[in-house]
Structure formats: C-alpha cells, structure tokens
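To keep things clear, I will list the structure first and then write my remarks on it.
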Amino acid sequence: MPPPLPPSLPRHLRRRRFSTAPASHHPPPASRLAEQHCLRLLERSSTPAAVLQSLAFLLKSGLNSNPLVLTRLFASSACAAPALLEPLVAALLGPSVPIDAFLVNTLIRAHATSPFASARLCAAAFFPLMLRSAVLPNKFTFPFLLKACAALPGSPGVGLQAHAAALKFGFTTDQYASNTLIHMYSCFGGGFLGDARNVFDRMPKSSAVTWSAMIGGYVRGGLSSDAVGLFREMQASGVRPDEVTVLGLLAAAADLGALELARWVGRFVEREGIGKSVTLCNALIDALAKCGDVDGAVAVFQGMEERTVVSWTSVIDALAMEGRGKEAVGLFEEMKTVGVPPDDVAFIGVLTACSHAGMVDEGRGYFDSMKMEYGIEPKIEHYGCMVDMFGRAGMVEQALDFVRVMPMKPNPIIWRTLVAACRAHGRLELGESITKNLLNEYPAHEANYVMLSNVYALTQRWKEKSEIRREMSKRGIKKVPGCSIVELDGEVHEFIAGDESHPQWKEIYMMVEEMARELRRIGHISATSEVLLDLDEEDKEGALWWHSEKLAIAFVLLRTPGTQVRVVKNLRVCADCHAAIKCISRVYNREIIVRDRSRFHRFKNGSCSCNDFW
DNA sequence: CTAGGGTTAG
C-alpha cells in the first residue's frame, strides 16, 4: 500500500492522479497517436484545408468526441466564419457517428470557448440535438450549457429554456449547475439579478464559488455596494473567501472608489495567505488606481516578481488617470524593453496617457507603430483615443480629419468626443450640428439630449433648450443625476445635486454658503466667465453651488480636521466646480482628490494636478 | 469533459 498522500501535495503531482496517460511503459494507444496527429495538423496551419484534413482524420480514427481536438478545432481561425463552421458540424454529426452526452457536451463547450463569435453564438444550439436524439444529459451538460448561454446576454430566452431543462432533468440541486445559473442570470443584465439571487437564496452556500458568483453578479450589474454587503454576509457565514471572491470585491471597490476597502483587501490577502497571484495584483493595481491611490498602485506593481502585459497596462492606465503622461510613456517603453510586447489594450492605455497629458506627437507615433511595428490593426477605440487627443489639444480640424479617414463607421462615442472638443474650444455651431445628427440616429440616448441642451444654454438659446427638455420628457428619457460619494469612518455618504436627504443637510448647506462667501472674498468668480471650458454633462439650470461634489466636500470639511478629502463623482467635474475646488484647497488648506467619470483631479494649494487640461 | 475571475477610447 502506498503511504497516504500528504495534505498539500504540489500541484503538478496532484494532477497526475487525474491524468489519462498510462502509468506504465506501454506505448501510447492508437487513439493517442491519432489525437496527437490531429493536433499537429491544426498547429501547423489554420487554413480551412488544414481544419478539414484534421477533421477527416479525426472521424476516420473514431475520435469524433475527443475534447482536446474538438476544442482546438473550433478555436482555429478558420472557424471564424459560419461558411466553414456549419459543414464542419454537419460532418461531425453525420449519420454514421453515434451521438452521446459526451459528444454533445464537448461540442457545446468547444463552441462556447471558441474565440470566434460565430462559433460561440451557436454553442447552445447543440442541446436540442441531444433531446432529439433521446440522449440524456449528464452532470457535465448543464454547467457547459448554462455557461454557453451566459455568453449570449442578448437572448436570455435561451438561458431560461436551459434553466427549465435543468429543472426537468433534476440538475438544479447540483452545485456546479446552480453556480453557473447565478453567473448566467447576472450576465443577462440588471433585470435578471433577481433571478440570480433567487437561485442563490435556494441553494446551500457552502462553497466560496457560490458566494463569488453572486458577488461578481452584483458588481456586473452595477450594484457594487450590494456586492460588498454580500461579502460581509459571507464572512459572517464562515465560508473562507478565496482569490476569486477577493477579485470580485476589488472590482466593487474600484467601482465605488472605496479606497479603504481596496487597501483592506490588500492587507486581507496578506493575512489570510490567499496568495498574491499576478491576476490578483493586477486587480489590486486597478482598484487602488481607480480609488485615487495611484502611488499605491505603482507600489504594488513594483513589488510584483512576475508581470504580464495586463500588469503593465493596469499601471499605465493608473498613471494616465492622473495625467502623468511622461511616466506612463516611460513604463510603456520599459515594458517593450523587457520583452513584453504590447497588445491592443496596452496601446489604448498609452494613447490615453498621451491624450490626457497633451502629448500629441508621442501619441501619433504610438498610433503609427501599432500596425507598423506590432501588426496590430487599430480598432475604433484607438481611433477614439486619437480623436480625443487632437480634440483636447484644440486641434479640432485634425480630429475631424481623423474621423473622416477612419476605416470604420464612427460610433456615438467618437461623435461625443468630437462634441466635447467643440465645446471646449468654442466651436459651438459644429458641436450643435454633430449633436443633431447624433440625435437623429440615436434618439434614445440621454447624454445626447443633455449635450444639445447645454450647447443651447451656452449660446443662450433658452427657447430651444426648453424644447429639448420637453422632447426628453415626452420620450421618457431621464438625465442621470450628478452624484458624489465620500467614505468616512468606513461609511459611504452619497450626495446628489441639490438634495436634502442627508441627515446633516442643513449644516452642509450652511457650510457651502460659507465656502462661497470665502471664495468670493478672495476674488473667485462663479460660473459664466468660464462657461466655454465647460465639458460637464450636468444640467446647468440648477445652481452651480449645489453640485454634488461641493456638498460632499463641505460635508468632509465639516466632519474632519485637516485630512485629505476624497470624492468620487459619477459625471465629469464642471468648470465652475473645478475652479472653485482649486480655491477651496487653498483657502481651507486641504488636499482634495476628486475622481471624475474618466480621471482624477488632485487639488492642492490652489492648483490641480491636471493643469487644467481635461 | 463540471462552477465563480484581471487591463479596454468619452
């Protein structure tokens, strides 16, 4: 008898127990050789011919349900187009091939994990085939099927059918299937979070996977504070969080801008010995940066012994968010030097950094190098970075030219970027005409109305402005209210422009008035003189002094002595608030950090880290 | 052959 296994055998040794490889010295069986032959064919070339050749060999050797080969087969770039995909599947399911659960499971999974949308779209379609062939699903079927459905957020109906089938065949008590159900429903969007929660509530919560699925679902649905609440319940229940749980928590912290939470997660991971994997460090960098602690994010990056392109990109994004373009570009260069080739996402990071720091020439160089040096075809996001870069720098014509030469149809984001440039640089007629076209094409998008309404306000065309308002209410379109949050003693306080729901609202409003008096005393002039610089999406009708960030700052000034003030805002800071906060930082001698919808402003001694370039 | 997860233009 072999001695019992020690409790924590190294991973590679544990794996061996599940290996299908023969333990003895016998030569590998014929099926093994055939499998390897198929894989080699696919490795050598991904042309349709090679794929077909591999398939033919597969069928000839009776390997039709070999998961390894099938997965590679459907991951081959030849399967990007339905033209090859369909005959392939038809050949696989030919009359001479017996259909069993194993084959269908493998087909579902291979399609669901294919890098090609056309293959992923039809993954779930293999399940009906199973029913038609009177084959019973096994315990592997529903985890695969439900995950395939999760990738189709546009057609939740398929997922609902899959859930019904899981019920019918009695697999909903299975933990694996139930966890995937939670995941699937939360992928269908906010309206299905209740369904996810229903599944969650009905199952035993003995595994970290169940909790992580629900926590991740809340984050995905934009309910990050519920995610944090659920994490606290999880701790109370005694289930030990693992790495994935903590990743969800970090995403929630990043979303909420909850710096203390993000830092706590960093310590928690240390304390619980969860292990700082590369993935976890990447998430930590991202969360710290999005909570305004860029230096902390850089410190985590510096401490990593192994870094992937995602780590580099995360730290470059972190620096870009604070407008530290030179440092971001420096890291991008260092990344290339140490032999990590940038991918398309890394280029978005470095282009954003250039854009936010006014480094137009550098940005142009990087954009050109994408294709020339790395063979990466720029996507619409990269063109968007360039349009933004020219626009911010006041080169509105160049921005427009870029849109004209783009090889793809400009999307609303591109147009809105242009409009922001027009507004920032006084090109109001151009901005207005672009916005009008945009409204014709996308009448349901709230931001477009607000944009046009603000253009009218800037040009003092009040009649047109009120027409826009009427049009919005007629269509039932609501403006997202400006909202700012601050964390104080582990509690999150939320402020909405002009609202009076905070228990201390009277004191806060008195404080805001006092701030206004102080600022007037030192010569700060409100609003209108800077109106052309205003990029804000917020309604200008309300008094500028009741903007949510001012309320939040007043609250923190009231409640704390000379500490740092950190505010997270859902929209962009308007020009008046920006100018006012600069003064506040001087008059009250406080460092004030405001997280925008897109970046950070660090106010100190009357100036801002963005150098008024935003 | 089983579940939950990291960076992405404004």
Side-chain angles (χ1 to χ4, degrees), chain A residues 18 20 65-68 70-71 101-110 113 138-147 150 171 174-184 186 207-217 219-220 241-251 254 277-287 289-290 308-318 320 343-349 351-352 355-356 378-389 391-392 411-421 447 451 535 537 571-572 596-599 614:
Chain A
F18 305 108
T20 51
S65 50
N66 181 301
L68 199 57
L70 283 186
T71 305
F102 190 96
L103 173 64
V104 180
N105 290 350
T106 306
L107 279 172
I108 293 173
R109 187 168 74 152
T113 55
N138 62 20
K139 63 176 179 173
F140 300 103
T141 306
F142 287 103
F144 288 153
L145 175 64
L146 295 165
K147 193 170 180 174
F171 282 102
D174 178 73
Q175 292 243 353
Y176 290 83
S178 300
N179 290 330
T180 320
L181 267 174
I182 297 172
H183 171 76
M184 180 191 80
S186 74
S207 139
V209 179
T210 307
W211 290 94
S212 308
M214 198 60 230
I215 289 171
V219 177
R220 201 174 296 115
D242 66 9
E243 188 186 336
V244 181
T245 320
V246 160
L247 285 171
L249 201 57
L250 282 173
S277 68
V278 175
T279 305
L280 197 132
C281 288
N282 295 345
L284 195 55
I285 292 171
D286 181 56
K290 289 198 172 128
T308 64
V309 68
V310 179
S311 325
W312 289 93
T313 305
S314 301
V315 77
I316 288 168
D317 286 341
D343 62 5
D344 55 335
V345 186
F347 271 106
I348 292 175
L351 290 176
T352 312
S355 165
H356 285 229
K379 296 200 288 201
I380 195 156
E381 290 93 332
H382 302 98
Y383 284 93
C385 290
M386 296 308 283
V387 173
D388 186 51
M389 182 181 306
R392 280 176 198 267
N411 62 14
I413 299 179
I414 296 274
W415 292 124
R416 279 199 288 275
T417 307
L418 264 177
V419 174
M451 245 167 26
L535 292 174
E537 296 165 343
L571 303 175
R572 287 174 78 158
D596 224 24
R597 160 184 268 271
S598 70
R599 60 169 297 155
W614 93 103

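Treat the numbers as computed from the prediction; the structure is a model and nothing was measured. So you know, we letter chains A, B, ... as the sequences are listed, proteins then strands, and number each from 1.
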Looking only at side-chain N and O atoms, does A/R392 come under 4.0 Å of OP1 or OP2 in B/dG10? yes
Side chain of A/D174, heavy atoms from C-beta onward: which of B/dG6, B/dG4, B/dT2 has the nearest atom to it? B/dT2
Using whole Å, what does the distance between atom C1' of nucleotide B/dG6 and atom CD1 of A/I316 come to? 16 Å
Given the structure, check if the side chain of A/D317 and the base of B/dA9 hold any donor-acceptor pair shorter than 3.5 Å. no
Checking all strands, does A/S311 fall into the base, sugar-phosphate, or nothing category for heavy-atom contacts under 4.0 angstrom? nothing
Grab the CG-P distance between A/L351 and B/dT7 for me, whole Å please. 19 Å
Which listed nucleotide (B/dA9, B/dG4, B/dT7) is nearest to the side chain of A/C385? B/dA9
Set of residues satisfying salt bridge (Lys or Arg N to Asp or Glu O under 4.0 Å) with respect to A/D317, sequence neighbours excluded: none
Ring-base stacking, A/F140 with B/dT2 (5.5 Å, 30° cut-offs): no
What nucleic acid atoms does A/D344 come within less than 4.0 Å of, heavy atoms only: base, sugar-phosphate, or nothing? nothing
Does the B/dG10 base have a donor-acceptor partner in the side chain of A/T417 within less than 3.5 Å? no
Side chain of A/T308, base of B/dG6: donor and acceptor closer than 3.5 Å? yes
Using atom CD of A/E381 as one end and atom C1' of B/dG10 as the other, report the distance to the nearest whole Å. 12 Å
Please classify the nucleic acid contact of A/D343 as base, sugar-phosphate, or nothing, using heavy-atom distances under 4.0 Å. nothing
Would you indicate which nucleotide in B/dG4, B/dC1, B/dG6 comes nearest to any side-chain atom of A/N138? B/dC1
Minimum side-chain heavy-atom gap A/E243-A/V246 below 4.5 Å: no
I need the CZ-P distance between A/F142 and B/dT2, as an integer number of Å. 17 Å
For the side chain of A/V209, starting at C-beta, report the closest nucleotide among B/dT7, B/dC1, B/dG4. B/dG4
Would you say A/H382 places a side-chain N or O within less than 4.0 Å of OP1 or OP2 belonging to B/dA9? no
Whether A/F142 and A/F171 hold their rings parallel, tilted or perpendicular, with breakpoints at 30° and 60°: tilted
Taken to the nearest 0.5 Å, the spacing of A/N411 CG from A/E381 CD works out to 8.0 Å
Across the strands shown, which category fits A/K147 at heavy-atom distances under 4.0 angstrom: base, sugar-phosphate, nothing? sugar-phosphate
Working for side chain to side chain contact (heavy atoms under 4.5 Å, CB included), residues A/T141 and A/V104: CA-CA 8 Å; A/T141 306; A/V104 180; 6.0 Å; no
Counting side-chain heavy atoms from C-beta on, which of B/dA3, B/dC1, B/dA9 comes nearest to A/T106? B/dC1
Nearest-angstrom distance from the residue atom CH2 of A/W312 to P of B/dT8: 18 Å
Expressed in angstrom and rounded to an integer, what is the separation of A/L249 atom CG from B/dG4 atom C1'? 14 Å
Specify the separation, in whole Å, of atom CZ of A/F171 and atom P of B/dA3. 15 Å
How is A/D286 classified with respect to the nucleic acid when contacts are heavy atoms under 4.0 Å: base, sugar-phosphate, or nothing? sugar-phosphate
Between A/H356 and B/dG10, is there a contact of a side-chain N or O with OP1 or OP2 at under 4.0 Å? yes
Classify A/S178 by what it touches in the nucleic acid, base, sugar-phosphate, or nothing, heavy-atom distance under 4.0 Å. nothing
Which nucleotide wins on minimum distance to the side chain of A/K290, given the candidates B/dT2, B/dT7, B/dA9? B/dT7
Base, sugar-phosphate alone, or nothing: which one does A/I285 contact when heavy atoms must sit under 4.0 Å apart? nothing
So which nucleotide from B/dG10, B/dG4, B/dG6 ends up closest to the side chain of A/T279? B/dG6
Locate the shortest heavy-atom distance separating A/N105 from A/F140; write the atom from each residue and the value. ND2-CB, 3.7 Å
Of the listed nucleotides B/dG10, B/dA3, B/dC1, the one nearest the side chain of A/F144: B/dC1
Could I get the full list of salt bridge (Lys or Arg N to Asp or Glu O under 4.0 Å) partners for A/D344, not counting sequence neighbours? A/K379
Taking the side chain of A/R220 as heavy atoms from C-beta outward, which of B/dA9, B/dT2, B/dG4 is closest to it? B/dG4
Nearest-Å distance for atom pair CE/C1', residues A/M214 and B/dG4: 12 Å
Describe the nucleic acid contact of A/A177 in one word from base, sugar-phosphate, nothing, applying a heavy-atom distance below 4.0 Å. nothing
